[in-house]
Amino acid sequence: TDTVDPGNALYSDIDGVLCNKAGTEIVIFPDGKTGSYRIPDSVIRIADGAFEQSQITSITIPSNVERIGNYVFSGSSNLSSVTVENTIPPTAGWNMFKWTDTNLSITVPTASVSDYQSASGWSDYSSLITGTNQTPAILAVKHLYMHIEREACASLSDLWPPCLTPPTQAVQPHPWREALPPAAGR
């Protein structure tokens, strides 16, 4: 971890991350840091390219961040999850997430999804933006459709108990199904 001399008139570091002297702007995120990272609450700006080609897998951007620069996460190929806590989309630069993980998800407050999807800089990634409460519901609906296809259900009443099996596991036949009369069309 790099540290900045406390006497430096221009820069400081917060846990090895290079910031301006006041600690309100992230200037450069070190290449060696991996895993998850939460931006400190003192930060209100993220400089152009600050996280470019970083090795982090997820990041949380707190509600006090007002501006995110150009190419901030560009080339961060391991980055798969971004959580933004601000209800108002921070001003965003160009190509924030260029060349990141193809499965990138951006989670924002549910009530703000449409604001993010239409905001400059964010709109380029509108299909990746979901609300904090949407993901479980989307997974449940996907699982429900998979169950309908697999079981060849004739009606929704054939699905009880729906969604008891996590989407990552195969649906096993239920013993009670044998006692029921066959559904039409099976």
Side-chain angles (χ1 to χ4, degrees), residues 1-2 13-19 25-147 163 165-171:
T1 304
D2 295 325
D13 76 89
I14 301 174
D15 296 324
V17 177
L18 184 65
C19 298
E25 180 175 23
I26 291 180
V27 179
I28 298 175
F29 188 82
D31 293 336
K33 282 190 177 255
T34 60
S36 298
Y37 180 71
R38 179 179 174 83
I39 292 177
D41 290 334
S42 64
V43 173
I44 58 172
R45 289 180 311 278
I46 304 171
D48 292 351
F51 288 83
E52 193 169 11
Q53 297 184 355
S54 74
Q55 299 303 306
I56 58 171
T57 55
S58 67
I59 189 162
T60 300
I61 302 171
S63 59
N64 47 307
V65 173
E66 299 170 355
R67 185 191 178 283
I68 300 173
N70 299 321
Y71 297 95
V72 168
F73 300 102
S74 177
S76 297
S77 58
N78 294 329
L79 183 61
S80 61
S81 174
V82 176
T83 301
V84 187
E85 297 175 342
N86 201 334
T87 56
I88 300 169
T91 301
W94 301 346
N95 297 312
M96 281 189 299
F97 302 107
K98 191 170 182 94
W99 302 305
T100 56
D101 187 319
T102 56
N103 295 315
L104 178 67
S105 67
I106 303 168
T107 306
V108 302
T110 299
S112 304
V113 169
S114 62
D115 293 338
Y116 275 84
Q117 290 174 331
S118 62
S120 179
W122 295 98
S123 61
D124 295 340
Y125 308 98
S126 63
S127 65
L128 307 176
I129 298 171
T130 61
T132 53
N133 297 326
Q134 289 180 327
T135 304
I138 290 169
L139 288 176
V141 169
K142 284 181 181 177
H143 178 65
L144 182 63
Y145 282 110
M146 287 172 24
H147 188 80
C163 302
T165 306
T168 57
Q169 298 177 358
V171 175

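Note that this is a predicted model, so its numbers are computed, not measured.
- Only one option out of S77, S76, S74 pairs with S54 in a side chain to side chain donor-acceptor pair (under 3.5 Å); it is S76.
- Distance alone, capped at 3.5 Å, is enough to place a donor-acceptor pair between the Q55 side chain and the Q53 backbone.
- Residue I129 holds its CD1 atom at 9.5 Å from CG of L104, rounded to the nearest 0.5 Å.
- Going from atom CD1 of I39 over to atom CG of N64 covers 9.0 Å, rounded to the nearest 0.5 Å.
- Using a 4.5 Å heavy-atom cutoff, the side chains of F29 and I46 are not in contact.
- No donor-acceptor pair closer than 3.5 Å links the side chain of T100 to the backbone N or O of F73.
- Looking at residues two or more places apart in sequence or on another chain, you find a salt bridge (Lys or Arg N to Asp or Glu O under 4.0 Å) between E25 and R45.
- E66 meets the salt bridge (Lys or Arg N to Asp or Glu O under 4.0 Å) test with no other residue; sequence neighbours excluded.
- Scanning for side-chain contact (heavy atoms from CB on, under 4.5 Å) contacts around S81 gives S58, T83, S105, with sequence neighbours left out.
- When atom types are taken as modelled, the side chain of D48 and the backbone of N70 share a donor-acceptor pair closer than 3.5 angstrom.
- Closest non-hydrogen pair, I68 versus V72, comes out as CG2-CG2, 3.6 Å.
- Considering only heavy atoms from C-beta on, S80 stays 4.5 Å or farther from N103 through its side chain.
- Pairing each heavy atom of V17 with each of K33, the nearest pair is CG2-CE, 4.0 Å.
- Contacts classified as ring pair (Phe, Tyr, Trp, His ring centres under 6.0 Å) and involving residues 100-121 (residues at least two apart or in different chains) are given here: Y116-W122.
- One N or O on the side chain of T110 and one on the backbone of T132 form a donor-acceptor pair closer than 3.5 Å.
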Quiz item: Checking side chain to side chain contact (heavy atoms under 4.5 Å, CB included) for the pair N78/I56: CA distance, chi angles, key distance, verdict?
Solution: CA-CA 6 Å; N78 294 329; I56 58 171; over 6 Å; no
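- Legend: residues meeting side-chain contact (heavy atoms from CB on, under 4.5 Å) with S120, ordered by chain and number and at least two apart, are absent.
- Across all non-hydrogen atoms, the minimal contact from P40 to P62 is O-CG, 4.0 Å.
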Please set out all donor-acceptor pairs under 3.5 angstrom arising from side-chain atoms of residues 86-97, sequence neighbours excluded.
from: N86; atom 1: OD1; to: I88; atom 2: N; distance (Å): 3.0
from: N86; atom 1: ND2; to: S63; atom 2: O; distance (Å): 2.8
from: N86; atom 1: ND2; to: V65; atom 2: O; distance (Å): 3.3
from: N86; atom 1: ND2; to: I88; atom 2: O; distance (Å): 3.4
from: N95; atom 1: ND2; to: Y71; atom 2: OH; distance (Å): 3.0

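- With rounding to the nearest 0.5 Å, the separation of CG in D41 from CD in E85 is 8.0 Å.
- Here Y37 contributes atom OH and L79 contributes atom CG; the two are 13.5 Å apart, rounded to the nearest 0.5 Å.
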